[in-house]
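These notes concern the structure reproduced below.
Quick caveat: nothing in here was measured; it's all calculated off a predicted structure. All heavy atoms count here, side chains included; hydrogens, waters and symmetry mates do not.
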Amino acid sequence: MTEVWDDQLRWYARAVRAMEGKEETDPTSWLFQANIHGTSSASDNPEWNNCPHGGWFFLPWHRAYILCFEEIVRHVIKDELNGPDDWALPYWNYTRVTNGDPNSPESQACRRLPIEFLTPDWPDGNGDNPLFLAVPDRDKDAATGHSIQWPEVNPHNAMQAPHFTGVTQFGSADTDSQLIHLNNGGTGQLEMQPHNLIHGFVGGVMSQMFSPRDPVFWLHHANIDRLWSAWRTNPDHQNPTDPDWLGFTHHFRNAQGNQVGFASQDLVDEHQLGYKYESLTEGVGLKPPERLVAMLAAGANPPPETVVATTGPTGLGTESVTVPLSPEPTARASALTEAASPETPTRAILAIDEVRADTPPGTNYRVYLGARPDHEEDLDPEGPYFIGHLHFFGAVGGNAHDHGHGSSGLSFKFDVTDHLTELRQLGRWDGEGIPPVVVTPAPLGAPPDAGPEARTRSVMPTVPSGSRPRIGNVSLITTEP
């Protein structure tokens with residue numbers, strides 16, 4: 001490999017190799033640290049399988065998690081490898097944009113896995129680079145240097161969310177006083193995008209709850225942690241003040257292997273924790289064209305009336321799929337039209353349930369309403385038909401040893417009321433019939449070794465055979481606001 005490695009990542013790789021050589025029962029070992037988040041097999045260790053997703057503890061828990069991990073790695077580098085004593089965990093800034101152009105070659109390079117993660121060799125040409133994971137532990141496309149596209153990582157909506165808690169807010173819609181490992185209905189804006197979509201893009205191990213076994217996990221979460229700090233630079237953005245959040249204690253292991261606890265209230269300021277980020281203004285999102293679609297928490301606003309529904313699963317793959325929607329016989333024919341009228345209080349909700357796969361599909365999917373799948377211009381994520389994304393993080397497999405993670409799949413709800421109103425105003429839906437739902441895999445950027453012309457084109461992802469990504473049910477419903 002001719003590229004020069006970043007010195008921080010070179011020491012990181014050495015530490016990863018040293019930690020991988022320790023027994024799983026050692027709290028400072030690679031597997032013990034990964035198991036805190038999630039295991040690949042059944043375990044009755046109460047310190048393992050504790051990752052909180054879809055709840056308001058997602059950000060403070062992961063901050064304490066990477067803080068302790070960084071301390072362990074620094075200790076290994078200094079005391080076991082005779083390295084520097086000031087090592088710090090790098091962040092993977094896949095949200096960085098150069099010269100205001102998210103499609104520039106430099107911006108796309110930021111959305112590829114760092115070069116240190118793309119080769120099995122160390123800089124001297126010898127193999128056994130622990131930062132590299134081969135297929136199927138990483139998705140083939142990510143592992144060969146393709147980049148995730150900007151619409152999947154742009155954190156603008158999260159960074160502009162005015163509140164930490166609430167539906168479609170920054171942190172979570174769920175405020176349960178107990179730590180919930182996987183709450184399907186509470187995902188906040190930052191956790192949804194870019195967090196979950198990066199997990200889906202890298203694929204393999206990163207698609208599952210034992211994702212910290214992939215060394216890039218920690219750089220990914222360092223960037224998510226940075227974005228939390230960046231969100232807080234707006235004086236109007238406030239963390240929760242509820243005692244249930246402030247006083248909740250998160251337990252981990254330190255560099256000596258001892259158990260330590262952090263209350264959420266002690267995790268809100270990274271400077272008080274002894275670290276700071278290189279930049280809190282770079283890679284914080286670009287404002288997209290005005291779109292009127294909001295993602296709702298699953299379970300919010302139980303629908304009193306089903307307008308349309310599918311029966312049975314819909315398979316997904318490498319091509320666009322039109323999900324056939326049939327009118328519900330008991331629904332009023334005018335229900336959807338009324339929901340799309342600004343003169344009525346009802347809302348139209350697109351619900352997509354039981355999203356899951358047998359093995360990591362290595363791709364995210366884009367959802368459109370009313371688009372024509374054979375018209376490329378309709379499948380623009382900045383156009384009027386785009387609704388949002390589907391991902392499979394936490395929805396792979398579903399075996400008993402997953403401790404319930406993803407066993408019934410994920411649910412997504414999108415408020416499409418204003419979307420339908422806009423389509424009527426644009427003359428793209430006349431209010432009659434059911435607009436089709438189109439689901440298409442999110443395209444990728446070309447790898448760096450592609451020619452100049454090829455680098456300007458997107459490519460479709462590959463989906464491993466046997467993955468079987470699918471949707472269990474789609475429904476278009478109306479509900480009171």
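Separation of atoms CD1 (Ile36) and SG (Cys68) is listed at 8.0 Å; rounding is to 0.5 Å. Atoms CZ and CG, from Arg213 and Asp137 in turn, are 9.5 Å apart once rounded to the nearest 0.5 Å. Expressed to the nearest 0.5 Å, how far CZ of Arg14 lies from CD1 of Ile77 amounts to 9.0 Å. Between the NE2 atom in His156 and the CH2 atom in Trp150 there is a gap of 10.0 Å [rounded to 0.5 Å]. In this structure, NE2 in His62 is found 9.5 Å from CD1 in Ile224, a value given to the nearest 0.5 Å. To the nearest 0.5 angstrom, Leu31 atom CG is 8.0 Å from Trp48 atom CH2.
Between His220 and His195, the ring-plane angle classifies as parallel under the 30° and 60° cut-offs.
Looking only at atom types and distance, the side chain of Ser264 has no donor-acceptor partner in the side chain of Asp266 under 3.5 Å away. Of the N and O atoms on the side chains of Asn99 and Asp101, not one donor lies less than 3.5 Å from an acceptor on the other residue. Inspection of the Asn129 and Arg17 side chains reveals no N or O donor paired with an N or O acceptor under 3.5 Å. Side-chain contact annotation: Thr28 with Asp26, donor-acceptor N/O pair under 3.5 Å present. In summary, the side chains of Asp225 and Tyr277 do present a donor paired with an acceptor at a separation below 3.5 Å, with no hydrogens or angles considered. Defined by atom type and a distance below 3.5 Å, a donor-acceptor pair is missing between the side-chain atoms of Asp242 and Trp56. Looking only at atom types and distance, the side chain of His391 has no donor-acceptor partner in the side chain of Asn364 under 3.5 Å away. Judged by distance alone, the side chains of Thr165 and Thr175 never bring a donor and an acceptor atom under 3.5 Å apart. Asn103 and Gln108 share no donor-acceptor pair across their side chains, judged by distance under 3.5 Å alone. Checking Thr187 against His53 by side-chain atom types alone, no donor-acceptor pair falls below 3.5 Å. For the residue pair Ser229 / Arg63, a side-chain donor-acceptor distance below 3.5 Å is found, with atom types taken as modelled.
Within the 6.0 Å centre-distance limit, the rings of Trp218 and Tyr65 are counted as a close aromatic pair. Ring pair His237/Phe170: centre-to-centre distance not below 6.0 Å. Between His37 and Phe217, a ring centre-to-centre spacing shorter than 6.0 Å is recorded. In this structure, Phe248 has its ring center under 6.0 Å from that of His250.
Residues Leu390 and Ile471 are in side-chain contact: their nearest non-hydrogen atoms beyond the backbone lie under 4.5 Å apart.
Closest of all the heavy-atom pairs between Trp228 and Leu190 is N-CD2, 4.4 Å. Across every non-hydrogen atom of Pro102 and Arg111, the tightest pair is O-NH1, 2.8 Å. Scanning both residues, Ala222 and Pro90, for their nearest heavy atoms gives CB-O, 3.6 Å. When all heavy atoms are compared, the tightest approach of Thr95 to Pro194 is CG2-CG, 4.3 Å. Taking each heavy atom of Asn93 and Gly283 in turn, the nearest pair found is OD1-CA, 4.0 Å. Here the closest non-hydrogen pair linking Asn49 and Thr39 is OD1-N, 2.9 Å.
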Check step by step if side chain to side chain contact (heavy atoms under 4.5 Å, CB included) holds for Val73 and Trp11.
CA-CA 9 Å; Val73 174; Trp11 280 110; over 6 Å; no
Under the salt bridge (Lys or Arg N to Asp or Glu O under 4.0 Å) criterion, do Asp358 and Arg470 qualify, and how do the steps go?
CA-CA 9 Å; Asp358 292 347; Arg470 58 198 182 275; 3.1 Å; yes
Would Phe252 and Gln33 count as a side chain to side chain contact (heavy atoms under 4.5 Å, CB included) here? Give the steps.
CA-CA 9 Å; Phe252 297 95; Gln33 285 297 303; over 6 Å; no
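For Asn50, the side-chain contact (heavy atoms from CB on, under 4.5 Å) criterion is met by Trp61, His181, not counting sequence neighbours.
Within the 3.5 Å criterion, the main-chain N or O of Ala442 finds no donor-acceptor partner in the side chain of Gln149. The backbone N or O of Ile352 sits nowhere less than 3.5 Å from a side-chain atom of Asn473 that would complete a donor-acceptor pair. Between the Ser467 side chain and the Thr359 main chain, a donor and an acceptor come within less than 3.5 Å of each other. In terms of modelled atom types and a separation under 3.5 Å, the side chain of Tyr368 and the main chain of Leu379 share a donor-acceptor contact. Looking only at distances, no side-chain donor or acceptor of Asp214 sits under 3.5 Å from a matching main-chain atom of Arg138.
The pair Glu152-Arg366 counts as a salt bridge, with a side-chain nitrogen and a carboxylate oxygen less than 4.0 angstrom apart. Ion pairing between Lys22 and Glu20 fails under the 4.0 Å rule for side-chain N and carboxylate O. A salt bridge does not link Asp353 to Lys413: none of the charged side-chain nitrogens sits closer than 4.0 Å to a carboxylate oxygen.
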